[in-house]
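Report on one structure; see the data block that follows.
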Amino acid sequence: MDARPQIGQFVKELRGRNEDSLAVVIAIIDDRFVMIADGNKRKFDSPKKKNVLHLKLQPAISQEVRNSLLETGRVTNTKLRYVIQKFAHAKGE
């Protein structure tokens, strides 16, 4: 797995108020920072800027979110919640 985050990749927050919560990378700012959203507390329209060092990259990438972002530049909060819930369930969390 590439050590750099990718659009649509699941991440677990290691620092901050939402520690241990899952989110999805919706934008890559530079080598150090990404924008994440979970569709719940962090909506697509107000994503959280996070330092990559404060995230644990998960080995899975949501193709649904990735394709939606690449095609339209947007993804619905409902879809974000759905893919995160599906990923968490598959992981057994």
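None of these values were measured; they are calculated from a predicted model. Throughout, residue positions are numbered sequentially from 1 according to the sequence presented.
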Practice task
Locate the shortest heavy-atom distance separating Gly8 from Val65; write the atom from each residue and the value.
Solution key: CA-CG1, 4.2 Å
Completion exercise
Result for salt bridge (charged side-chain N to carboxylate O under 4.0 Å, His left out) between Glu13 and one of Lys41, Lys48, Lys50 points to Lys50
Problem - Gap separating the CG atom of Asn77 from the CG atom of Asp38, nearest 0.5 angstrom - result: 8.5 Å
Problem - Over 12 non-hydrogen atoms of neighbours within 6.0 angstrom of CG in Asp30 - result: yes
Fill in the blank from the handout: So CG of Asn18 and NZ of Lys12: to nearest 0.5 Å the spacing works out to 13.0 Å
Problem - Close side-chain approach of Phe44 and Leu69, heavy atoms under 4.5 Å - result: yes
Fill in the blank from the handout: Shortest non-hydrogen pair, Ala88 vs Leu22, comes out as CB-CD1, 3.8 Å
Practice task
Dump the intermediate steps for side-chain contact (heavy atoms from CB on, under 4.5 Å) on Val25 and Gln6, then the final yes or no.
Solution key: CA-CA 7 Å; Val25 175; Gln6 298 179 37; over 6 Å; no
Handout entry: N/O donor-acceptor pair under 3.5 Å between Ser68 side chain and Glu64 backbone
Key = no
Exercise for the section: May I ask you to test the Val24-Ile84 pair for a side-chain heavy-atom distance under 4.5 Å? Expected result: yes
Practice task
Applying side-chain contact (heavy atoms from CB on, under 4.5 Å), run through Val34 and Val52 and close with a yes or a no.
Solution key: CA-CA 7 Å; Val34 295; Val52 176; 4.0 Å; yes
Exercise for the section: List the steps and the verdict of side-chain contact (heavy atoms from CB on, under 4.5 Å) for Val83 and Gln63. Expected result: CA-CA 10 Å; Val83 298; Gln63 291 304 323; over 6 Å; no
Problem - Between NZ on residue Lys86 and NZ on residue Lys79, distance to nearest 0.5 Å - result: 10.0 Å
Handout entry: Between CD on residue Gln9 and CZ on residue Arg4, distance to nearest 0.5 Å
Key = 11.5 Å
Practice task
Report the distance from atom CZ of Arg66 to atom CD1 of Ile7, rounding to the nearest 0.5 Å.
Solution key: 7.0 Å
Exercise for the section: Give a yes or no on whether Leu14 and Phe87 share a hydrophobic cluster (residues Ile, Leu, Val, Met, Phe, Trp, Tyr; joining criterion: side-chain heavy atoms under 4.5 Å apart). Expected result: no
Handout entry: Side chain to side chain, Val11 and Gln58, heavy atoms closer than 4.5 Å
Key = no
Problem - Test item: Arg42 and Ile36 side chains (from C-beta on) under 4.5 Å apart, heavy atoms - result: no
Practice task
Inspect the surroundings of NZ in Lys56 and state if more than 12 heavy atoms from other residues, nucleotides or ligands are less than 6.0 Å away.
Solution key: no
Handout entry: Heavy-atom side-chain proximity of Phe33 to Asn51 below 4.5 angstrom
Key = yes
Exercise for the section: Side-chain contact test, heavy atoms from C-beta onward, threshold under 4.5 Å: evaluate it for Thr76 versus Tyr82 and give yes or no. Expected result: no
